[in-house]
J.: 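I am attaching a structure below and will ask some questions about it afterwards.
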Number of protein chains: 2
Amino acid sequence: MSTMQEVAKKAGVSKATVSRVLSGKGYVSEATRKQVFAAIEAAGYRPNLLARNLATSTSQCIGMVVTNTLYSGSYFSEILSQAAKKVEESGRQLILVDGKHSAQQEREAIEFLLDLRCDAIILYPRFLTIDDMDDIIEQTRQPIMVVNRRLRKHPSHAVFCDHKGSAFNAAMALIERGHQKIAFITGSLDSPTAQERLAGYKEALRQAAIAIEPQRIVEGKWTPACGAKAVAALLANNVAFSALIASNDDMAVGALKQLTQAGLRVPNDVSLLGFDDIPVAPFLLPALSSVKDPVTGMIHEVINRLISMLDGGDMTPQQAFISELVLRESVADAAS
Amino acid sequence: MSTMQEVAKKAGVSKATVSRVLSGKGYVSEATRKQVFAAIEAAGYRPNLLARNLATSTSQCIGMVVTNTLYSGSYFSEILSQAAKKVEESGRQLILVDGKHSAQQEREAIEFLLDLRCDAIILYPRFLTIDDMDDIIEQTRQPIMVVNRRLRKHPSHAVFCDHKGSAFNAAMALIERGHQKIAFITGSLDSPTAQERLAGYKEALRQAAIAIEPQRIVEGKWTPACGAKAVAALLANNVAFSALIASNDDMAVGALKQLTQAGLRVPNDVSLLGFDDIPVAPFLLPALSSVKDPVTGMIHEVINRLISMLDGGDMTPQQAFISELVLRESVADAAS
DNA sequence: TTGTATGCGTTATCAG
DNA sequence: CTGATAACGCATACAA
């Protein structure tokens, strides 16, 4: 790899001049500018970003930490895709790093990004606790935004969906259509998201004065296979249900598959929510779909805040206030 | 952020000694080692990876370029997940950057990684042509491996699945079960993968002396929505078919949904291939599932080669030969 | 408008 | 065993 020094020699100027040409900062005559570009071309020169970042102590990168156990399904893809697009718009690069499978490793991933001198960090946590994250935010210079959690000390550093509310709305919608026996497939119960969605379902039943039957609640692990197994279990145990809520799209797909396989006809009139832009399944309610728009909203908000912190120093007080509201509304819209 | 210099001062030693302690290289007395660790702790010191990488001219990172238009569906997640795990095993970090939406931008993403002095690059291309990639490989010092393409000049730098063969096998399996009217939902026809799968389907019909009906072939754009639309179109046009092949899982899901919605009973005995580990759909054949194992195989092979190039210099000639064979076989297995 | 000198935080090569 | 000191490649304040 040729260096700036070599380009300078070829062009008959100094390193500083080459640097000026490249950065566009400072005055350079048109003549030497051309010479320099020619030399760059001839040498096949590419700047060393490590050196540049070291010198400027900014990497123009935004790091993102996600556990690889979450690298599956359309939910993650959506998050990553939205994040990449927004970061791209801001002229920066998104770097994704694996949070692996423990709180300790999630912490290490964050430290790795800090060691790389990333300008900011997006944390989509799986193992770290609220308190852990509050501490980390406190101890870190770089802006950190947390997705999908509610922080205690630094609420403005987090954006989240109202999972409980959306599950509540979903269950309510079914109840209003006359369903009384509503089965529920939850995600892994060690996940806060799963717990909140389950709570929303229970709350809806409670408000409608419908007894909560433990048999109607089956735990899955977010995958299509688990959705299918859950339905199989319900059927095998002769659990009666006229409607079903799955806690995410992937399990909904598996459940749908198992239902049709079992020869169950699915009524057409109960198509409530969408999977991508199509109604997924009569009779089947992928709760996650109801937060699909909010997901993109969350990510956009996260990155907007990060960037305003990077560019304009601190977050505006207003910003912290408004976004939660917006997200809540969009959840409500999607579910209604 | 405190620097090594500050730690050195705190510990009453020189930078060099601190560096030795951290790297474990060179001789340091146990006493000073302890002092240094204490100072590190006290200062809350973290090494600056930019500086380290600049000095060693190695980043311990492997870069990966993927267009964000491919950041969707379980296929991408699977690739990323496998890649992250393998790279992690090798003690390196995987950095994902966006190839955006043109050949030019894919090229720029590669250059960005080179500028970061990544040790190696994984390219999962969408827009670059074979010739482009052959050129880039030629002009670049760092090892580059291409996923899912067949290169001309540097075949050992690419690993691919036999898409045509797997689609052929899928169609053949249906034909052997007595189906004559097999509909086919292709992916975007500007994608080589889609073209190859379509070719496999056609080849199978040809060998079975079944006429190819253009009406039975519908183009989608890889999403569930498109799968649903495709089925709706087939039904609306009264196209007769007793079996259906979708070119990927996502479209298969949409198709399944539309079929059940239309009240079509799906026979139980034609469950051929799996979606994750469950049979997806009677009567529905998600071709992509048939290459799910090969996908993980591809990625593993890609990273193995990269690492052996990094550690052991060049690839073994043997390696280039064997892997293609392995992949072909696993495709055949999955489809049989 | 351009060149010189210094700093960014490490690693590595020398002497001591 | 340890400490100066020179790279690493670039940016930038300061001179010229």
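Letters go in sequence order (proteins before strands), and every chain restarts at 1.
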J.: Give me the one residue out of A/Q105, A/R126, A/E106, A/H101 that meets side-chain hydrogen bond (donor to acceptor under 3.5 Å, both in side chains) with A/T67.
T.: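 The single option meeting the side-chain hydrogen bond (donor to acceptor under 3.5 Å, both in side chains) with A/T67 is A/E106.
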J.: Find the distance A/L54:CG to C/dT6:P and express it as a whole number of Å.
T.: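 Spelled out: CG on A/L54 to P on C/dT6 is 18 Å.
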J.: Taking only residues two or more places apart in sequence, or in another chain, which ones meet B/R33 in a side-chain contact (heavy atoms from CB on, under 4.5 Å)?
T.: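 Checked B/R33 against side-chain contact (heavy atoms from CB on, under 4.5 Å); matches are B/V21, B/V28, B/E30, B/F37.
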J.: Does the side chain of A/T32 get closer than 4.0 angstrom to OP1 or OP2 of C/dT2 through an N or O atom?
T.: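 For A/T32, the contact criterion (side-chain N or O under 4.0 Å from OP1 or OP2 of C/dT2) is met.
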J.: Just checking, is any N or O donor in the side chain of B/S29 or B/T32 under 3.5 Å from an acceptor N or O on the other one?
T.: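 Yes, B/T32 and B/S29 have a side-chain donor paired with an acceptor closer than 3.5 Å.
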J.: Just how large is the angle between the end axes of the helix from C/dT1-D/dA16 to C/dG16-D/dC1, five pairs per end, to 10 degrees?
T.: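 Between the axes fitted at each end of the helix from C/dT1-D/dA16 to C/dG16-D/dC1 lies an angle of 40°.
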J.: Rounded to the Å, how far apart are A/K9 NZ and C/dG3 C1'?
T.: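 Rounded to whole Å, this separation is 17 Å.
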J.: Could you tell me the separation between the CD atom of B/E30 and the C1' atom of D/dT2, rounded to a whole number of Å?
T.: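 The answer, rounded to whole Å, is 16 Å.
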J.: Which whole-number value in Å describes the distance from A/N48 CG to C/dC8 P?
T.: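 Between P of C/dC8 and CG of A/N48: 18 Å.
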J.: Hydrogens and angles aside, do A/T58 and A/D119 bring a side-chain donor and acceptor to less than 3.5 Å of each other?
T.: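 Side chains of A/T58 and A/D119: pair found under 3.5 Å.
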J.: What distance do A/I122 atom CD1 and A/L113 atom CG have between them, rounded to the nearest 0.5 Å?
T.: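 With rounding to 0.5 Å, CD1 (A/I122) is 10.0 Å from CG (A/L113).
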J.: Residues two or more places apart in sequence or in another chain: which of them pass side-chain contact (heavy atoms from CB on, under 4.5 Å) with A/K86?
T.: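 Counting only residues at least two positions away or on another chain, A/K86 forms a side-chain contact (heavy atoms from CB on, under 4.5 Å) with A/E89, A/H300, A/I303, A/N304.
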J.: A/R117 CZ to C/dG7 P: how many Å, rounded?
T.: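 About 19 Å, once rounded to whole Å.
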J.: Can you build the contact string for nucleotides 11-16 of chain D? Use B for base contact, S for sugar-phosphate-only contact, and - for no protein heavy atom under 4.0 Å.
T.: SBB---
J.: Starting from C1' on C/dT10, measure out to CD on B/Q60 and report it in whole angstrom.
T.: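 Atom-to-atom, B/Q60 to C/dT10, this comes out as 14 Å.
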J.: Quick test of your reading of the model: are B/R46 and A/D115 salt-bridged, counting only N-O distances below 4.0 Å?
T.: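 So B/R46 pairs with A/D115 through a salt bridge.
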J.: Could you tell me how far apart B/E6 (CD) and C/dC8 (P) are, to the nearest whole angstrom?
T.: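 The answer, rounded to whole Å, is 10 Å.
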J.: Sequence neighbours left out, what passes side-chain contact (heavy atoms from CB on, under 4.5 Å) with B/A109? Give chain and number order.
T.: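 Testing B/A109 for side-chain contact (heavy atoms from CB on, under 4.5 Å), a comparison that skips the adjacent residues, returns B/V65, B/V97.
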J.: Atom CG of B/L116 and atom C1' of D/dC8: how far apart are they, to the nearest Å?
T.: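 After rounding, the gap between these two atoms is 16 Å.
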J.: What nucleic acid atoms does B/R33 come within less than 4.0 Å of, heavy atoms only: base, sugar-phosphate, or nothing?
T.: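 If one applies the 4.0 Å heavy-atom cut-off, B/R33 turns out to touch nothing in the nucleic acid.
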J.: Please tabulate, for the side chains in residues 137-145 of chain A, all donor-acceptor contacts under 3.5 angstrom to protein atoms that are two or more places apart in sequence or on a different chain.
T.:
unit_1, atom_1, unit_2, atom_2, d
A/E138, OE1, A/H154, NE2, 2.7
A/T140, OG1, A/I136, O, 2.6

J.: When we call it a touch if two heavy atoms are under 4.0 Å apart, what does A/S14 touch: a base, just sugar-phosphate, or nothing?
T.: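 It contacts base atoms.
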